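First the structure, in the form of structure tokens, and then the observations on it.
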Amino acid sequence: MPIIEVKDLRKTFRGPQGQEVVAVDGVSLSVEPGECVGIIGESGSGKSTLGRLILRLNEADSGSIVLDGEDVRALTRRQLRKRRRDWQIVFQEPFASLNPRLTIRQIVEEPLIVARTYGGRAERLRRVTRTLEEVGLSADFLERRPANLSGGQQQRVGIARALVTDPDLVVLDEPTASLDLTIRASILRMLAELQVSRGLTYVFISHDIETVGRFCSRVAVMRRGRIVETGATSEVLDNPQEPYTQALMSAAMPPIPYSPDAAGDVSDTGVPCPGKAVTP
Ligand SMILES: Nc1ncnc2c1ncn2[C@@H]1O[C@H](COP(=O)(O)OP(=O)(O)OP(=O)(O)O)[C@@H](O)[C@H]1O
């Protein structure tokens with residue numbers, strides 16, 4: 001059974017002049033458990049909106065979203081809050097997505113409190129500490145605040161916050177776009193390792209074809225709110241059928257050296273990334 005089954009999803013926003021902006025225009029997508037599916041496309045093609053709709057962080061205008069067999073659009077707010085722990089998101093801008101007034105412990109603990117099913121304070125602290133360790137942050141970070149952390153460390157906190165409730169699905173919305181190249185590599189390696197060790201399913205949103213080529217087993221190409229091409233990453237990127245995908249490929253940067261020896265900011269796991277290298 002697919003973990004994500006999206007059918008004919010649509011979302012229109014009002015632009016600044018009151019005009020209609022069709023962000024997602026009839027998208028259907030099916031994702032099997034354990035897959036990493038990349039969503040690529042130029043800026044404004046609707047990638048982030050699709051990710052947010054899938055998790056019901058934005059409400060779709062129409063279409064259906066089934067996660068883990070559950071009709072997500074039919075859930076009440078209360079039901080959704082309970083299920084939130086299974087479906088998480090990591091945002092592009094770690095600092096903007098972390099409340100600067102809270103300590104790292106409070107930030108990572110918050111989803112546990114919202115879900116209301118993770119025992120008392122001591123049990124929650126154990127979970128928070130364990131999850132921070134998993135993302136390469138020691139207990140020394142517990143009482144620090146986001147502003148005192150590097151960009152890479154902030155994103156590790158964002159990842160810990162997403163993982164602390166043991167989700168099975170994580171939407172990664174350009175999780176490394178704002179980070180330096182070497183830090184990017186170590187975060188991606190860590191995400192790849194976590195996917196295997198925790199059996200996670202990823203939807204990996206990116207405008208960086210190079211990264212998607214290395215990280216994802218399957219890719220969907222978005223243009224103006226629609227998926228115009230989809231398939232195994234190697235097939236789509238080695239032999240793009242759509243002129244739009246071909247244009248994206250030729251506009252892509254030359255390959256970034258992706259060495260397991262690249263310096264990391266906190267901990268390097270040395271775990272190779274799945275997928276394959278892309279040679280545009
Ligand atoms: N909350 C909103 N209000 C109004 N318009 C929005 C809103 N969110 C997104 N849009 C518009 O919807 C379209 C799709 O945006 P979206 O952020 O999903 O694209 P994207 O492919 O993720 O782009 P990027 O790579 O730049 O993040 C854009 O035209 C955007 O301006």
Side-chain angles (χ1 to χ4, degrees), residues 4 6-29 31 36-63 65 67 72-73 87-98 151 154-155 158-159 162 169-181 184 187-188 191 202-216 218-230 233 236-237 240 242-253 256 278 280:
I4 304 178
V6 164
K7 289 216 180 91
D8 206 14
L9 210 55
R10 285 170 205 276
K11 177 70 180 177
T12 302
F13 291 108
R14 287 265 160 221
Q17 273 84 46
Q19 80 280 22
E20 281 200 342
V21 178
V22 182
V24 171
D25 189 8
V27 164
S28 298
L29 181 70
V31 178
C36 175
V37 175
I39 310 285
I40 60 172
E42 63 193 344
S43 183
S45 56
K47 307 180 296 296
S48 294
T49 305
L50 175 62
R52 295 177 63 85
L53 292 178
I54 290 173
L55 300 186
R56 229 182 110 183
L57 296 169
N58 284 126
E59 296 290 347
D61 297 336
S62 62
I65 307 160
L67 302 182
V72 174
R73 295 195 64 209
W87 313 318
Q88 295 282 358
I89 186 164
V90 175
F91 296 99
Q92 173 174 353
E93 295 285 345
F95 189 62
S97 78
L98 304 177
Q154 288 166 356
Q155 194 54 301
I159 294 165
L169 165 66
V170 182
V171 172
L172 302 166
D173 190 356
E174 308 239 18
T176 57
S178 66
L179 304 175
D180 291 345
L181 280 187
R184 207 179 280 189
I187 297 277
L188 285 171
L191 286 168
Y202 285 153
V203 174
F204 187 86
I205 295 167
S206 180
H207 59 258
D208 179 2
I209 292 184
E210 173 65 19
T211 301
V212 166
R214 292 173 184 277
F215 198 72
C216 300
R218 203 150 62 81
V219 66
V221 184
M222 279 193 81
R223 181 183 189 220
R224 295 186 187 164
R226 293 169 174 268
I227 291 179
V228 293
E229 186 162 6
T230 183
T233 308
V236 172
L237 299 189
E242 286 291 320
Y244 176 73
T245 314
Q246 288 163 6
L248 277 182
M249 296 292 298
S250 56
M253 298 278 286
I256 303 161
V278 181

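Hydrogens, waters and symmetry mates are skipped; everything else that's a heavy atom, side chains included, is used. Residue numbers run from 1 in the order of the sequence given. Atoms within each ligand, like the ligands themselves, are counted from 1 in listed order. Because the structure is a prediction, the values reported are computed rather than measured.
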Within this structure, what is the CD-CD1 distance for the pair Glu229 and Ile40, rounded to the nearest 0.5 Å? 8.5 Å
Interfacing atoms of ligand 1 (cut-off 4.0 Å, heavy-atom, Arg14): 4 (C)
Out of Lys47, Met222, Glu42, Glu20, the nearest non-hydrogen contact to atom 25 (O) of ligand 1 is supplied by Lys47
Can you find an N/O atom of Ser43 closer than 3.5 Å to an N/O atom of ligand 1? yes
Quick check for you: to the nearest 0.5 Å, what is the distance between Asp25 atom CG and Arg226 atom CZ? 4.0 Å
Tell me which part of Val21 gets within contact of ligand 1: side chain, backbone, both or neither, using heavy atoms under 4.0 Å. side chain
Sub-4.5 Å side-chain heavy-atom contact between Ile159 and Pro175: no
Who's the nearest protein heavy-atom neighbour of atom 18 (O) of ligand 1, and how far? Thr49 OG1, 2.5 Å
Assess the residue pair Leu57 and Val171 against the criterion (side-chain contact (heavy atoms from CB on, under 4.5 Å)); give the C-alpha distance rounded to whole Å, side-chain angles, the decisive distance to 0.1 Å, and a yes or no. CA-CA 11 Å; Leu57 296 169; Val171 172; over 6 Å; no
Using a strict 4.0 Å cut-off to heavy atoms of Glu174, name the atoms of ligand 1 that fall inside it. 25 (O)
Option whose closest heavy atom lies nearest to atom 27 (O) of ligand 1, chosen from Ala23, Ser48, Ser45: Ser48
Report the residue from Val27, Val22, Thr49 that forms a side-chain contact (heavy atoms from CB on, under 4.5 Å) with Lys11. Thr49
re atom 6 (C) of ligand 1, the protein heavy-atom contact at minimum distance is Phe13 CD1, 3.2 Å
Looking at ligand 1, is there an atom of it that comes within less than 4.0 Å of some heavy atom belonging to Arg52? no
Reported OG1-to-CD distance for the pair Thr12 and Gln19, which is rounded to 0.5 angstrom: 11.5 Å
Report yes or no: does a heavy atom of Gly44 sit under 4.0 Å from some atom of ligand 1? yes
So do Phe204 and Leu188 actually touch side chain to side chain, heavy atoms under 4.5 Å? yes
Quick check: does Gly46 get an N/O under 3.5 Å from an N/O on ligand 1? yes
Protein non-hydrogen atom below 4.0 angstrom of atom 31 (O) of ligand 1 present: no
Closest contact, heavy atoms only, Leu237 versus Met249: O-CE, 3.2 Å
